[in-house]
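Please read the structure below before turning to the comments.
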Amino acid sequence: MMMGKGGVGKTTVAAAVAVGLAQRGYQVHLTTSDPAAHLSYTLDGNMKNLSVSRIDPKVETENYRQFVLENQGKGLDAQGLAVLEEDLRSPCTEEIAVFQAFSRIIREAYWPDIE
């Protein structure tokens, strides 16, 4: 997982490493949360040993937010629910949601039969 300022080449470097590994015979799955990345159009299905996916941060954040509200929000009074909803508006919420989606992709790659 690479993090950092936008526009510095993280996606380009990750794609180059993925292609190099796939060319050497390794099974590689490349995933991105970059809305500007078009990896699935340019790489997916074009190389043996390489698959590509995209995590949509907005979708994952909303799914995570709903999950937390349905589970942790159960039984909270209006004030407690308001505090929880405020916490879920933190920028950290997106990072957690995207990381969980990334973890799910890794788990499914290694153990596809486990939910």
Side-chain angles (χ1 to χ4, degrees):
M1 177 180 264
M2 287 198 256
M3 297 176 68
K5 185 174 166 79
V8 298
K10 294 181 301 291
T11 302
T12 301
V13 169
V17 169
V19 166
L21 290 170
Q23 287 173 335
R24 287 171 178 79
Y26 293 96
Q27 289 290 331
V28 179
H29 184 97
L30 178 63
T31 190
T32 183
S33 62
D34 183 352
H38 301 289
L39 297 174
S40 59
Y41 300 115
T42 56
L43 293 178
D44 197 26
N46 294 325
M47 283 191 82
K48 184 179 174 185
N49 301 328
L50 177 63
S51 60
V52 179
S53 67
R54 182 173 180 282
I55 295 170
D56 185 329
K58 291 186 186 323
V59 169
E60 295 300 333
T61 301
E62 183 55 28
N63 289 343
Y64 175 74
R65 198 178 86 65
Q66 289 301 319
F67 176 82
V68 171
L69 287 171
E70 289 169 9
N71 291 278
Q72 305 302 332
K74 260 189 219 173
L76 291 178
D77 61 12
Q79 184 179 7
L81 196 54
V83 169
L84 179 58
E85 287 175 340
E86 181 180 343
D87 284 347
L88 290 171
R89 286 191 288 275
S90 162
C92 296
T93 300
E94 181 176 302
E95 292 176 11
I96 293 167
V98 169
F99 186 78
Q100 283 189 344
F102 179 70
S103 298
R104 187 173 55 249
I105 289 169
I106 292 170
R107 184 188 70 237
E108 289 169 358
Y110 283 105
W111 303 286
D113 297 331
I114 297 176
E115 291 185 19

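Remember, predicted model here, so these are calculated numbers, not experimental data.
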What closest approach, in Å, do Ala15 and Leu30 show between heavy atoms, and which atom pair accounts for it? CA-CD2, 3.8 Å

As an exercise, state the distance from CD of Glu94 to NZ of Lys58, rounded to the nearest 0.5 Å. 7.0 Å

So, taking the atom named NZ in Lys74 and the one named CD in Gln72, what distance separates them when rounded to the nearest 0.5 Å? 9.5 Å

Inter-residue atom distance Arg107.CZ - Phe102.CZ, 0.5 Å rounding: 13.0 Å

Using the salt bridge (Lys or Arg N to Asp or Glu O under 4.0 Å) rule, collect all pairs that involve residues 61-71, keeping only residues at least two apart or in two chains. Glu62-Arg65

For a quick test of your reading: what N or O donor-acceptor pairs under 3.5 Å do the side chains of residues 76-90 make, sequence neighbours left out?
| from | atom 1 | to | atom 2 | distance (Å) |
| --- | --- | --- | --- | --- |
| Asp77 | OD1 | Gln79 | N | 3.3 |
| Asp77 | OD1 | Gly80 | N | 2.7 |
| Ser90 | OG | Cys92 | N | 3.1 |

Result for side-chain contact (heavy atoms from CB on, under 4.5 Å) between Asn49 and one of Gln23, His29, Gln27 points to Gln27

Residue pair Ser53 / Thr31, side-chain donor-acceptor N/O under 3.5 Å: yes

Do Val17 and Val52 share a hydrophobic cluster, counting only Ile, Leu, Val, Met, Phe, Trp and Tyr and linking them when any side-chain heavy atoms are less than 4.5 Å apart? yes

Hphob cluster co-occupancy, Val59 + Tyr64, side-chain heavy atoms under 4.5 angstrom: no

Using 0.5 Å steps for rounding, measure from the CD1 atom of Ile105 to the CZ atom of Arg54. 11.0 Å

Atom CG of Asn71 and atom CD of Gln66: how far apart are they, to the nearest 0.5 Å? 11.0 Å

My understanding is that only residues two or more places apart in sequence, or in another chain, count here; which of them pass side-chain contact (heavy atoms from CB on, under 4.5 Å) with Tyr26? Leu21, Arg24, Val28

Separation between CD1 of Ile55 and CD of Gln100, rounded to the nearest 0.5 Å: 11.0 Å

Specify the closest pair of heavy atoms between Pro57 and Ser33, including all atoms of both residues, with the distance to one decimal. CG-O, 3.6 Å

